[in-house]
Structure formats: structure tokens, C-alpha cells
Amino acid sequence: MSGDSREAPTVDGGGNGVVTESVKPNFQVNMSVASSQRLRLNPNKDHKPESYEDLQLDFAPSVFSSLERYLPPSMFSVSRDDKVKFMREILLKYLPHGERTRVQRQREYRQKIISHYQPLHRELYTLHAATFFVPSFIKAISDNTEESLRNIMSEPSPGVFTFEMLQPHFCDMLLEEVENFEKWVDASKLRIMRPNTMNKYGAVLDDFGLETMLDKLMDGYIRPIAKVFFPEVGGSSLDSHHGFIVEYGEDRDLDLGFHVDDSEISLNVCLGKQFSGGELFFRGTRCDKHVNTGSQPEEIFDFTHVPGRAVLHRGRHRHGARATTSGHRINLLIWCRSSVFREMKKYQKDFSSWCGECIREKQERQRLSIAATKSMRHSYYQCKDLDEKL
């Protein structure tokens with residue numbers, strides 16, 4: 001896609017894990033009140049969620065603990081089992097049957113790996129801020145104010161934030177760990193599960209034990225930023241992630257398609273190595289209804305990767321990657337999701353707080369309304385003047 005094209009590309013999300021199918025769960029909560037209840041718009045900050053760590057669940061225990069604060073008040077006093085059923089019913093709406101089967105296979109695959117794989121750098125598996133992040137990033141998160149976060153941010157295009165994040169040593173260790181894992185997979189005669197159908201080269205970091213570290217990264221570092229810059233798409237309620245490495249190179253046969261992510265917030269950090277090309281291009285944020293509409297000139301933006309530097313954007317911000325013309329480029333991507341936002345979105349029709357096309361449609365309606373009002377006033381005064389003359 002050319003840099004100045006304003007034609008709307010077709011975005012189906014199929015290679016990016018975007019769920020478009022809606023499947024009703026095959027069970028119901030045995031509570032008459034639960035069937036008609038919706039999640040609260042704002043969390044009950046005074047409520048202390050229960051722990052779900054001891055249960056075998058479809059989703060991470062932290063997802064249930066986070067979601068519990070958004071339950072309707074009448075459900076705070078019910079049993080933990082009933083809470084689980086109610087929340088699970090909500091979560092499963094976003095995971096069709098075919099996807100659940102895939103997740104189960106992946107869980108078995110992951111357990112097999114973790115039971116046998118020997119990490120190369122064990123320090124990666126526990127988050128050490130001082131060795132992972134650059135000092136400016138640590139200070140901004142530690143101060144935890146909007147001003148401190150804005151001080152490290154650049155916003156070269158609306159809704160696209162860039163900032164220095166990762167230490168070179170961490171980038172090197174993660175690259176070595178991924179390379180070590182891929183060698184182990186080959187030696188073990190395992191078939192590696194790739195991040196998604198768009199990326200034929202790369203690995204899912206959770207598959208070899210980095211899930212806990214990435215959970216802490218999302219909870220303690222990505223969510224505080226998203227809460228400030230992306231509150232309208234669930235930035236303050238991120239509760240699950242999909243973390244993976246993608247690899248690009250002149251010898252890589254890749255689908256570099258223009259797409260949206262299956263996330264509320266996406267973090268993209270270049271790890272290295274030496275390369276040219278591979279720019280990210282952005283073409284505006286869109287809701288489901290407008291995902292294939294054209295781009296306005298102010299929405300067209302290209303970004304050149306720099307190792308260690310992060311890009312943070314809405315998952316619905318349409319983007320793609322240009323071909324890497326030489327060398328080898330490897331990126332860390334974390335898709336952060338909010339089950340609360342996904343539930344709330346079902347009842348929302350106006351996305352003019354973040355969808356570029358919804359904003360333009362709203363502005364056009366306002367313009368037409370003002371024009372109509374002016375026309376009516378003009379006609380009124382013309383008639384009044386005519387009456388006075390007569």
C-alpha cells in the first residue's frame with residue numbers, strides 16, 4: 001500500500017486473531033438475576049475480589065479477579081462458583097467453539113514444553129525493572145502521574161505513542177532465549193505454534209514459560225500508561241495478554257497485511273538486529289462498522305523502528321509493516337485485552353470518542369444541523385421583513 005493512498009483496504013482480521021463470530025455458551029448461571037445483569041461501567045474499588053488461583057479455569061485467574069470488581073452489586077454476595085459461572089459466560093462470548101478447541105490444544109502443547117524446556121536466561125522469567133527498562137521509563141512509571149508519563153512520550157501521529165523502553169542487554173537476552181527455544185523445538189521434533197497466521201516466523205512467549213513475567217509487565221507498566229492515554233477503550237481494565245516475537249527479513253516469506261489487532265492496546269518494541277526497511281504504517285483508528293473506510297491525510301503516518309524503542313497504539317488503529325529490504329528484524333509484541341471493555345462495547349453504538357470515521361460522521365451531522373438552523377433563521381427574517389413591508 002502506498003504512503004499516500006486513501007483507498008480503503010479490506011481488513012478482515014482473519015490473520016490477526018480478531019473474533020467476529022458470536023457463540024452462545026452451552027450453560028447458564030443458576031441464578032434468575034444473573035441472566036439479565038450486565039457488568040458495571042465502573043469498577044467497585046472498595047470491593048476485594050476473591051482469589052481464583054486454586055481453580056482450573058479456561059482463563060488466567062487474574063482475569064477473574066479483575067473482572068469481579070465490575071460485577072453487578074447483587075453478585076458480590078453470591079458464592080465463588082456462581083461468580084465464576086457468570087464471568088466465564090461473559091468471557092466465552094469472545095471465544096468461539098473452534099477457538100476454544102485451539103486454546104485447549106495450545107494449553108497441552110505449552111505444558112509439554114514447560115515440563116521439558118531448560119531456559120537459557122532464567123533471569124528473564126522474573127521481571128527485574130532495573131535490568132529490563134531504561135531509567136527514564138522506570139522513573140516515569142514510579143512517579144505514576146500523567147505529567148511524568150507525558151514527559152517520556154512522543155505522539156508523532158494522533159493515538160500513536162513512542163518512547164524509550166528496553167535496555168539493550170534485555171533485548172539481547174530475549175533474542176538469545178527465543179533462538180535457544182527454537183533450536184530446542186527443532187531438536188525435539190516439535191511443531192512450533194506461530195503467533196498468528198500472519199506471522200510464519202516467531203514464537204509465543206507464554207509457550208515457554210514467560211506468561212507470568214508478561215502479566216507483570218502488563219499490570220505494572222503497560223496498564224498505567226494505557227489508563228492515561230487510552231481510557232476510552234478499556235486502558236484502565238486490561239486483564240489479559242498475548243505476547244509474542246515476530247521475525248522479519250529479506251529471506252522471509254511474510255504476509256505483511258494491513259490489519260487491526262485482536263487487542264484493546266498493542267505494544268510493539270523492536271529488539272534488533274541490523275536491518276533496513278520494515279517501517280510500520282498507520283492509517284487511522286476504526287470501529288467494526290468503519291474498518292474498511294478510507295484514510296484522511298492526517299491519519300497517514302509511517303514509523304521507522306529503532307531497537308529498544310516502543311510504539312503503543314489502540315488495537316483498532318489500522319496498521320501494517322513494509323518489507324524488510326535487508327538484514328533481520330525481530331520485534332516483541334504484546335496485545336493487551338480488557339474483558340470489561342469487550343462486554344461494554346456490545347451495548348455501545350457511538351464510537352466517536354475514538355473511531356475516526358464515527359467522529360467525522362458526528363461532525364458532519366452537527367454541521368448539517370447548524371446549517372439547517374441558520375437556513376431556518378434566514379427564512380424567518382426574510383418572511384418578517386416581507387410582512388413589515390406589506
Side-chain angles (χ1 to χ4, degrees), residues 13 16-23 25 39-40 43 49-71 83-96 98-107 109-111 114 125 127 193 195-196 203-227 230-245 260-269 312-316 332-346:
N16 219 36
V18 177
V19 176
T20 57
E21 178 183 1
S22 177
V23 176
L39 293 176
R40 296 163 56 98
E50 298 194 51
S51 173
Y52 298 90
E53 296 289 340
D54 59 317
L55 301 179
Q56 294 293 321
L57 302 167
D58 306 77
F59 305 88
S62 60
V63 173
F64 288 89
S65 295
S66 174
L67 192 60
E68 186 178 326
R69 291 183 186 273
Y70 292 84
L71 290 178
K83 289 177 185 175
V84 167
K85 289 177 182 178
F86 182 68
M87 291 187 285
R88 185 172 180 269
E89 181 178 3
I90 290 171
L91 293 167
L92 285 174
K93 291 176 183 177
Y94 310 109
L95 205 63
E99 181 71 3
R100 295 202 298 273
T101 301
R102 186 194 68 79
V103 168
Q104 177 60 31
R105 289 200 306 267
Q106 188 171 38
R107 184 181 294 114
Y109 160 83
R110 183 174 297 174
Q111 187 56 47
I114 294 175
Y125 294 75
L127 195 151
M193 289 190 179
N196 49 59
V204 178
L205 298 178
D206 295 37
D207 286 350
F208 54 98
L210 286 166
E211 180 177 9
T212 300
M213 186 273 281
L214 292 178
D215 271 337
K216 291 180 179 178
L217 175 59
M218 181 188 70
D219 291 343
Y221 297 89
I222 301 175
R223 188 160 58 199
I225 299 174
K227 180 180 180 180
F230 303 108
E232 73 288 344
V233 291
S236 62
S237 58
L238 302 177
D239 54 21
S240 65
H241 75 267
H242 176 48
F244 54 99
I245 295 290
V260 295
D261 296 339
D262 181 15
S263 69
E264 274 58 76
I265 306 298
S266 293
L267 178 78
N268 186 334
V269 192
L312 194 71
H313 60 87
R314 296 177 185 85
R316 300 296 307 187
L332 164 66
L333 287 95
I334 306 177
W335 291 351
C336 301
R337 298 156 175 161
S338 167
S339 51
V340 172
F341 175 75
R342 295 184 177 209
E343 175 70 6
M344 298 303 178
K345 197 168 66 168
K346 294 193 309 180

Spacing of CE belonging to M218 relative to CG belonging to L127, to within rounding of 0.5 Å: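 Those atoms lie 12.5 Å apart.
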With sequence neighbours excluded, residues passing ring pair (Phe, Tyr, Trp, His ring centres under 6.0 Å) with Y70: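 With sequence neighbours excluded, Y70 shows a ring pair (Phe, Tyr, Trp, His ring centres under 6.0 Å) to no residue whatsoever.
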Residues in ring pair (Phe, Tyr, Trp, His ring centres under 6.0 Å) contact with H313, at least two apart in sequence or another chain: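 Applying ring pair (Phe, Tyr, Trp, His ring centres under 6.0 Å) to H313 gives F282, H319.
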[X] versus [Y], closest heavy-atom pair with distance:
X: G315; Y: S266; answer: CA-OG, 3.9 Å
X: F244; Y: V204; answer: CB-CA, 4.0 Å
X: L39; Y: M344; answer: O-CE, 3.3 Å
X: L214; Y: H241; answer: CB-NE2, 3.4 Å

Could you work out, with salt bridge (charged side-chain N to carboxylate O under 4.0 Å, His left out) as the rule, every residue matching [X], not counting sequence neighbours?
X: E50; result: K83
X: R223; result: D219
X: D207; result: R110

Within-4.5 Å side-chain heavy-atom neighbours: R88 and F86: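 They are not in side-chain contact.
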Non-hydrogen side-chain atoms of Y125 and L210 separated by less than 4.5 Å: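 Answer yes - side chains close enough.
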Parallel, tilted or perpendicular: ring planes of Y52 versus F64, cut at 30 and 60 degrees: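 Ring orientation of Y52 relative to F64: tilted.
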Salt-bridge contact D262-R342 (side-chain N to carboxylate O under 4.0 Å):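 A salt bridge is present here (some side-chain N lies under 4.0 Å from a carboxylate O).
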Those residues that, when tested against S236, pass side chain to side chain contact (heavy atoms under 4.5 Å, CB included) (two or more places apart):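 S236 satisfies side chain to side chain contact (heavy atoms under 4.5 Å, CB included) with K227 once adjacent residues are dropped.
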